[in-house]
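In what follows, a structure is listed as structure tokens, so that the remarks can point back to it.
Below, chain A is the first sequence line, B the second, and so on; all start at residue 1.
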Protein chains: 2
Amino acid sequence: MNKSEQKFYDIFTELQCFILANMSKGEVNGVTATHYNIIEYIYRHDKCTGKQVAKAFNISPPAISRQLKFLIENNLIAQEQSSLDRRVFNLSTTDNGKFIVDSSENFRERVAKKVSKSLTKNELESLTSLLSKVMTEIVENQT
Amino acid sequence: MNKSEQKFYDIFTELQCFILANMSKGEVNGVTATHYNIIEYIYRHDKCTGKQVAKAFNISPPAISRQLKFLIENNLIAQEQSSLDRRVFNLSTTDNGKFIVDSSENFRERVAKKVSKSLTKNELESLTSLLSKVMTEIVENQT
DNA sequence: GGTAATATTTAACAAAGTTAACTAATTTTG
DNA sequence: CAAAATTAGTTAACTTTGTTAAATATTACC
């Protein structure tokens, strides 16, 4: 790695530690961070399937199956058997689930607010655009 | 959230999902990502204590204690009772541990390389400096 | 010198991941 | 078109790794 890459590496290390430390645990509104993330995913991908959720979070189908069961039992999400393919269950958020997502002052929102306070509007937009460029590249060319 | 904040929020969501999906599991060189991160931390903070590691990864002392035990048993790190305070054990990496860190083409390194390919030198430096500014602000003012 | 605090470990337990094996539905193919 | 293969999801058994509570050993403080 050259010097610029090394500097980026170091700051990315810090960012990664921060994200991992802040996201892996904690409970708000009676749901854990993992539960919340799943609810939010389903909220933003209405009618998605368990398979898709498993892929998005990179965990095995049985693990997702158990999480979904919990969320259904607690009336945060709902599933409906697809009429096109009856193996498939389409997921959606209940009013309770939506309420939690809408009212959740979540980790990312707090970060976004802090970030917008510490940067000028131009800097924020520049950061967003650079990150966006990078993410497109990284996410598409995954091994 | 205003429009700029919202855009940042969205891209940060993507980044967070990416980090969580890529870091939370996986095994290289016979150690899991968690083990690797602890070894690397000790590598970069020679003579640090279990307490410090626990704080850095935001997990409880018993959890770290078990991880350290595993790493010691597998000859990846070593501990030495401090002569100044015999409650404390100073941690260091063994040659095996150092080897793993040195030879690990790890997640962050791959990201850094991809990022440096998709951005110009100026853009990369700008991104690093913006992220750095943001991290200082965020990490210091944690709740 | 007795009490409080600190670093670490042990024990008991809970959450959430894994693989393997199963069901039910759909698709492929000879 | 029926048998075989594939796919989405679940159940069961197990492992890893987190937690809290309690124990140990050491140090710090009136």
Practice task
Could you pick out which residue, B:R66 or B:Q52, lies toward the 5' side of DNA chain C when each is mapped onto its nearest nucleotide?
Solution key: B:Q52

Handout entry: Options C:dA7, C:dG17, D:dG9, nucleotide nearest the side-chain atoms of A:F89
Key = D:dG9

Exercise for the section: Provide the full list of salt bridge (charged side-chain N to carboxylate O under 4.0 Å, His left out) pairs with a residue in residues 81-90 of chain B, sequence neighbours left out, each pair given once. Expected result: B:D85-B:R87

Handout entry: N or O in side chain of A:Q67 less than 4.0 angstrom from C:dA15 OP1/OP2
Key = no

Practice task
Please state whether the phosphate of D:dT17, meaning OP1 or OP2, lies under 4.0 angstrom from any side-chain nitrogen or oxygen of B:S65.
Solution key: no

Practice task
Using a strict 4.0 Å threshold on nitrogen-to-oxygen distance, state whether B:K133 and A:E123 make a salt bridge.
Solution key: yes

Practice task
Summarise protein proximity over nucleotides 20-27 of chain C in one line of letters, 5' to 3': B for base, S for sugar-phosphate only, - for none, counting protein heavy atoms closer than 4.0 Å.
Solution key: B----BS-

Practice task
Take B:L131 and B:L127 through the side chain to side chain contact (heavy atoms under 4.5 Å, CB included) test and state the conclusion after the steps.
Solution key: CA-CA 6 Å; B:L131 271 184; B:L127 173 59; 4.1 Å; yes

Fill in the blank from the handout: Whole-Å distance, A:I59 CD1 to D:dG9 P, equals 13 Å

Exercise for the section: Output, in order, the C-alpha distance, side-chain angles, deciding distance and verdict of side chain to side chain contact (heavy atoms under 4.5 Å, CB included) for B:Y41 and B:N37. Expected result: CA-CA 6 Å; B:Y41 180 89; B:N37 286 327; over 6 Å; no

Handout entry: Closest to the A:T49 side chain, choosing from D:dT19, C:dT18, D:dG9
Key = D:dG9

Exercise for the section: Would you mind reading off the distance between A:L91 atom CG and D:dA8 atom P, rounded to a whole angstrom? Expected result: 13 Å

Exercise for the section: Look at the rings of B:F70 and B:H35 and say which category their plane angle falls in: under 30° parallel, 30 to 60° tilted, over 60° perpendicular. Expected result: parallel

Completion exercise
Atom CD1 of B:I64 and atom P of D:dT16 are separated, to the nearest Å, by 17 Å

Handout entry: Polar contact flag, side-chain donor to acceptor under 3.5 angstrom, B:Q6-B:D10
Key = yes

Exercise for the section: Examine C:dG17: is either OP1 or OP2 under 4.0 Å from a nitrogen or oxygen in the side chain of A:S60? Give yes or no. Expected result: no

Completion exercise
Against the side chain of B:P61, the closest entry in D:dT17, C:dT18, C:dT9 is C:dT9

Completion exercise
Between CG of B:L71 and C1' of D:dT17 the distance, given in whole Å, is 13 Å

Practice task
Write down the distance between CD1 (A:I38) and C1' (C:dA16), rounded to a whole number of angstrom.
Solution key: 10 Å

Handout entry: Salt bridge present between B:E40 and B:R108 (N-O < 4.0 angstrom)
Key = yes

Exercise for the section: Take atom NZ of A:K47 and atom C1' of D:dA8, then tell me their distance rounded to the nearest Å. Expected result: 18 Å

Practice task
For A:F70 and D:dT11, give me the distance from atom CZ to atom P, rounded to whole Å.
Solution key: 16 Å

Practice task
Please report, rounded to the nearest Å, how far the P atom of C:dA16 is from the CG atom of A:N58.
Solution key: 17 Å

